[in-house]
Number of protein chains: 2
Amino acid sequence: MKVKEMNKRKIGQRDHLTQVLQAAEKLFAKRGFYPTTIDDIAKEAKLAKGTIYLYFDSKEDLFFSAIERKLDALLSKIEKAVKEPGSAWQRINATIGIHLKFMEENKDFFKIMQSFSEQLREKLEKELKERVVEKQSRYIKILTRLIQRAINEGEVKPLNARKLAVILMGIVHSLTVYWVSQKERGSLCGDASLVQEVFSQGVER
Amino acid sequence: MKVKEMNKRKIGQRDHLTQVLQAAEKLFAKRGFYPTTIDDIAKEAKLAKGTIYLYFDSKEDLFFSAIERKLDALLSKIEKAVKEPGSAWQRINATIGIHLKFMEENKDFFKIMQSFSEQLREKLEKELKERVVEKQSRYIKILTRLIQRAINEGEVKPLNARKLAVILMGIVHSLTVYWVSQKERGSLCGDASLVQEVFSQGVER
DNA sequence: ATAAATTGTCTGACTGTTCAGTCATTATTA
DNA sequence: TAATAATGACTGAACAGTCAGACAATTTAT
């Protein structure tokens, strides 16, 4: 987060910062990057446009900061769960559950995620993009490590662990997309067992 | 002589249309909808901006037409393959192979697909959007029907066929995304057997 | 056969609007 | 009172879409 004068931040200021980030998340999620204007976000946050530029350098900076904020929240949940004792499978299953629960609670957010990397290329600041890409790949790395361990323990076929991680993410993601598109939404978390069943049976030795 | 000249004129027209569609596909795929300007497309197609508006009503119209063109090509390949005789599994496997091959040959194109529905919402003409959504869902329906048959034949566990279709699409799609992001790309088609193995084992009774 | 008129295609300068980012002014806080 | 925070009118660039006219292919008239 590129907050100017970070060290001098006060409570009033932090509130405004959060207001802006929440408004940005909401609107970017609803409409995507380009159709969302800074004026929209300012209005939603009940602040003047100029105030936003006190906290963020540009629209892109705000966009990435909003994504980063949520991604941090998801990652810390995942990382915490992975530290818990248990077998590789138990951890993989926990991860699936946490991911689906998080998406169910933040259904707008994931829409940003899926498009950001391909949508903004070219134009965007390299540094900004890398901040987010790094966190995205950390998630895949965690899953890859878990799957590799399951392979080493002989519970999973000796396939490419990274590709299996990609496949698992793909399953979880596609079900989320499907769930969001439904008019009458059931519980997304309820699909955790389906994912676990299909994936584990699909890769087990 | 008369006929010859007339043909020359008509062929010229069709060429321009194709030129525009190809340029649009290329640039929309590379940069996405908003950062691509009609001037860019005109330049790429070596035509004047006004000419594009002879063939398309708006930027959105052009965007959807470019998508539709490619989607038709993919769908007709899939539909043809599904008509071939064979078991439900053979057809599902054929579909996976065709899909991956198509993406390998049109790696830019699929990027548009994944984002279009979420990117443009709100603003876009309903009718334009529906043209594409209808075709997208036709693909899922084909897969769903195949999977349902495999369930009826007792080869697949009695789970929700549509969700399984969504899962299969998710696997194929995520591997495509992963493949595109690789610097050193191997063969995407080569992953067809991985998908088939994991999916079939994952859902079999 | 040649010129003139007609038709259909293409062009790119122009217009109106939208919007990211600025900054002089005002409000708040210490 | 001085420092800091917030405001919103303003600016300049970008861009979708238009349109008056250029140009080439055909047809008609002489």
Side-chain angles (χ1 to χ4, degrees), chain A residues 1-24 27-28 30-66 119-120 122-125 128, chain B residues 1-24 27-28 30-66 119-120 122-125 128:
Chain A
M1 231 168 279
K2 236 183 204 171
V3 186
K4 291 167 183 172
E5 310 295 336
M6 189 97 106
N7 45 344
K8 286 186 189 170
R9 220 162 57 189
K10 286 157 196 164
I11 286 174
Q13 288 176 36
R14 190 156 56 241
D15 273 350
H16 285 172
L17 193 95
T18 314
Q19 271 172 324
V20 174
L21 282 169
Q22 282 174 347
L27 296 184
F28 281 139
K30 186 144 55 184
R31 297 205 248 284
F33 182 76
Y34 291 103
T36 301
T37 70
I38 295 288
D39 285 297
D40 290 341
I41 294 170
K43 198 177 166 193
E44 174 76 26
K46 286 172 184 154
L47 291 169
K49 178 191 244 185
T51 310
I52 290 178
Y53 284 92
L54 296 176
Y55 298 103
F56 301 94
D57 293 339
S58 65
K59 190 182 172 186
E60 276 180 3
D61 180 31
L62 173 54
F63 180 70
F64 283 109
S65 300
Q119 276 317 297
L120 308 173
E122 317 255 329
K123 287 196 172 179
L124 51 72
E125 296 298 324
L128 289 175
Chain B
M1 183 167 171
K2 236 194 229 170
V3 180
K4 228 180 179 179
E5 296 296 333
M6 273 177 71
N7 280 349
K8 219 178 181 180
R9 196 168 199 160
K10 281 204 171 160
I11 284 168
Q13 284 176 41
R14 214 195 355 268
D15 273 349
H16 285 168
L17 195 94
T18 315
Q19 271 170 3
V20 173
L21 282 170
Q22 281 174 349
L27 297 184
F28 280 139
K30 185 144 55 184
R31 297 205 249 283
F33 182 76
Y34 291 103
T36 301
T37 69
I38 295 288
D39 285 298
D40 290 342
I41 294 170
K43 199 177 167 193
E44 174 77 26
K46 284 171 185 155
L47 291 169
K49 179 190 244 184
T51 310
I52 290 179
Y53 285 93
L54 294 177
Y55 298 104
F56 301 93
D57 292 341
S58 64
K59 189 182 174 185
E60 275 179 4
D61 181 30
L62 173 54
F63 180 70
F64 283 109
S65 300
Q119 277 317 297
L120 307 174
E122 317 252 333
K123 286 196 174 180
L124 50 73
E125 297 297 324
L128 289 175

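All values derive from a computational prediction rather than experimental measurement. Residue numbers start from 1 in every chain, and the chains themselves are labelled A, B, ... in the order their sequence lines are given, proteins ahead of strands.
- Between the NZ atom of A:K43 and the NZ atom of A:K49 there is a distance of 13.5 Å, given to the nearest 0.5 Å.
- Within 4.0 Å of B:K59, counting heavy atoms only, lie sugar-phosphate atoms of the nucleic acid but no base atom.
- Between D:dA5 and A:Y55, no contact under 4.0 Å exists linking OP1 or OP2 to a side-chain N or O.
- Between the CG atom of B:D40 and the C1' atom of C:dG12 there is a distance of 16 Å, rounded to whole Å.
- Remark: P of C:dT28 and CG of A:L54 are 16 Å apart, rounded to the nearest angstrom.
- In this structure, B:T51 reaches the bases: a heavy-atom distance under 4.0 Å links it to at least one base atom across the strands shown.
- Atom-to-atom, NZ of A:K49 to P of C:dG21 comes out at 9 Å; the value is rounded to the nearest Å.
- The shortest distance between the side-chain N/O atoms of A:Y34 and the OP1/OP2 oxygens of C:dA20 is not below 4.0 Å.
- Regarding contacts with the backbone of D:dA5, every side-chain N or O of A:H16 stays at 4.0 angstrom or more from both OP1 and OP2.
- Taking atom CD1 of B:I52 as the reference point, atom P of C:dC10 lies 12 Å away to the nearest angstrom.
- Heavy-atom minimum distance, A:L62 versus A:L21: CD1-CD2, 4.2 Å.
- Rounded to an integer number of Å, the gap from CD1 of A:I38 to P of C:dT18 is 17 Å.
- Nearest nucleotide to the A:T37 side chain, out of C:dG21, C:dA20, D:dT7: C:dA20.
- Contact detail for A:F33 and A:E60: the closest heavy-atom pair is CZ-CG, 3.7 Å.
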**Prompt:** What do the steps show when you test B:K59 against B:F28 for side-chain contact (heavy atoms from CB on, under 4.5 Å), and what is the final call?
**Reply:** CA-CA 11 Å; B:K59 189 182 174 185; B:F28 280 139; 4.2 Å; yes
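- Rounded to an integer number of Å, the gap from CD1 of A:I41 to P of C:dC19 is 12 Å.
- Heavy-atom distances to DNA chain C give each of A:G50 and A:D39 a nearest nucleotide, and the one nearer the 5′ end belongs to A:D39.
- Each of B:A48 and A:T36 has a nearest nucleotide on DNA chain C; the 5'-most of these lies closest to B:A48.
- Side chain to side chain, B:S58 and B:D61 fail the donor-acceptor criterion of an N or O pair below 3.5 Å.
- Between the P atom of C:dC19 and the CG atom of A:L27 lies a distance of 13 Å, rounded to the nearest Å.
- Atom-to-atom, CZ of A:F56 to P of C:dT22 comes out at 15 Å; the value is rounded to the nearest Å.
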